[in-house]
Amino acid sequence: MRDAAAGLATPVVSALLGPGSGDLTAAAESALRALGAPVPAWPSWPAPGPAGRKAGDGGAREPGDGTGEPGGAATAPPATAEAGGPTGSGGTARRNGAALHGLYAGGTLCAEARLVAGTGRFTDFGDDAYTRGRAHPMIDPTLRLEALAGVPGGDVALLDVVLGHGADPDPARRLAPAVAAAVARGTAAVVTLVGTEGDPQGLGGQAEALRAAGAAVFASNARAARHAAALAAGAR
């Protein structure tokens, strides 16, 4: 594919996750620069309290700062896996005593977050193994909520929320109380929020509801993964 793209008159920006590749935020920024379009400041909503004061990439660059640096290149194991360990949804991948639990509805976002974070146990709840006989987790969050309830205090939970038609009309209605309960027992919550104000759910309202529940919310999945990994490493 790269060889074919190299021979085209039209510039091609690849967004292929794997060794030597950047994250999807970096690819989007590259495409914008190729078009001569401005790179936005990807919005984020810091968590309330001390953890929120460290919101960002845990020391990594802010996407859109014009550096052109790719983010989070790493190897590409299966989306549901623990770095250096077997697949599964439980978690004992610990850095400085904290485990990172990736609880995802989107398979591509799950794979990207695992690559960027470089640690943790990630589960794609949109995989066929979890959707037989039940709705996709973008519509029915039951299994993810159960998994979030099982994340121990002191660990980090990283989730994605995807807005739009064909998704839960108000995902924060059920997720925010579950996040609040997790935060109350000492779990750090980080959310990737994918959507726009034009979506039926409304980006800003969903972000504020999740932030009020105690989560750090990011429009960039790569930034969310870096922040979650930094929290797991003891940055908070």
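The figures that follow rest on heavy atoms only: side chains count, while hydrogens, waters and symmetry mates do not. Residue numbers run from 1 in the order of the sequence given.
- The minimum heavy-atom distance between V151 and R185, with the atom names listed, is O-NE, 2.9 Å.
- The salt bridge (charged side-chain N to carboxylate O under 4.0 Å, His left out) test applied to R144 returns D160, not counting sequence neighbours.
- In this structure, D23 contributes its side chain and A26 its backbone to a donor-acceptor pair below 3.5 Å.
- Scanning for side chain to side chain contact (heavy atoms under 4.5 Å, CB included) contacts around A15 gives L24, A27, with sequence neighbours left out.
- Remark: R226 CZ to S220 OG distance equals 7.0 Å, nearest 0.5 Å.
- A donor-acceptor pair under 3.5 Å is absent between the side-chain atoms of R114 and the main chain of L109, judged by distance alone.
- In terms of heavy atoms, L163 sits closest to P171 at CD2-CG, 3.8 Å.
- Here the OG1-OH distance, from T123 to Y130, works out to 4.5 Å after rounding to the nearest 0.5 Å.
- Considering all non-hydrogen atoms of both residues, P48 and R211 come closest at CD-O, 3.2 Å.
- By the 4.5 Å heavy-atom criterion applied to side chains, V161 and T192 are not counted as neighbours.
- Under the side chain to side chain contact (heavy atoms under 4.5 Å, CB included) criterion, P43 pairs with W45, A219, not counting sequence neighbours.
- R134 is linked by a salt bridge (charged side-chain N to carboxylate O under 4.0 Å, His left out) to D140, counting only residues two or more places apart in sequence or in another chain.
- With sequence neighbours excluded, the residues satisfying side chain to side chain contact (heavy atoms under 4.5 Å, CB included) with I139 are A135.
- The side-chain heavy atoms of T196 and D199, taken from C-beta on, include a pair separated by under 4.5 Å.
- Rounded to the nearest 0.5 Å, atoms CG (D127) and CZ (F125) are 10.5 Å apart.
- In the hydrophobic cluster analysis, where Ile, Leu, Val, Met, Phe, Trp and Tyr join through side-chain heavy atoms closer than 4.5 angstrom, V13 is grouped apart from L17.
- The two residues F218 and A216 make their nearest non-hydrogen contact at CE1-CB, 3.9 Å.
- Between the side chain of T187 and the backbone N or O of P152 there is at least one donor-acceptor pair closer than 3.5 Å.
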Going through the distances and angles, do V156 and H101 end up as a side chain to side chain contact (heavy atoms under 4.5 Å, CB included)? CA-CA 6 Å; V156 181; H101 307 254; 6.0 Å; no
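- Taken from CG in L175 to CG in L148, the straight-line distance is 7.0 Å, to the nearest 0.5 Å.
- Residues passing the side chain to side chain contact (heavy atoms under 4.5 Å, CB included) test with A209 are A172, sequence neighbours excluded.
- Closest heavy-atom contact between P137 and T131: CD-CG2, 4.0 Å.
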Please evaluate residues D155 and R121 with respect to the criterion salt bridge (charged side-chain N to carboxylate O under 4.0 Å, His left out), reporting the C-alpha separation (whole Å), side-chain torsions for both, the decisive distance (0.1 Å), and the verdict.
CA-CA 12 Å; D155 283 357; R121 181 70 68 90; over 6 Å; no
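- Pairing each heavy atom of W42 with each of R223, the nearest pair is O-NH1, 3.2 Å.
- The hydrophobic cluster around V12 extends to L8, counting ILVMFWY residues whose side-chain heavy atoms fall within less than 4.5 Å of a member.
- With sequence neighbours left out, the side-chain hydrogen bond (donor to acceptor under 3.5 Å, both in side chains) criterion links Q206 to D170.
- Between atom CD of residue Q201 and atom CG of residue D168 there is a gap of 7.5 Å, rounded to the nearest 0.5 Å.
- A distance of 6.0 Å separates CG of L158 from CG of L100, quoted to the nearest 0.5 Å.
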### Working for side-chain hydrogen bond (donor to acceptor under 3.5 Å, both in side chains), residues N221 and Y104
CA-CA 11 Å; N221 189 48; Y104 271 76; 2.8 Å; yes
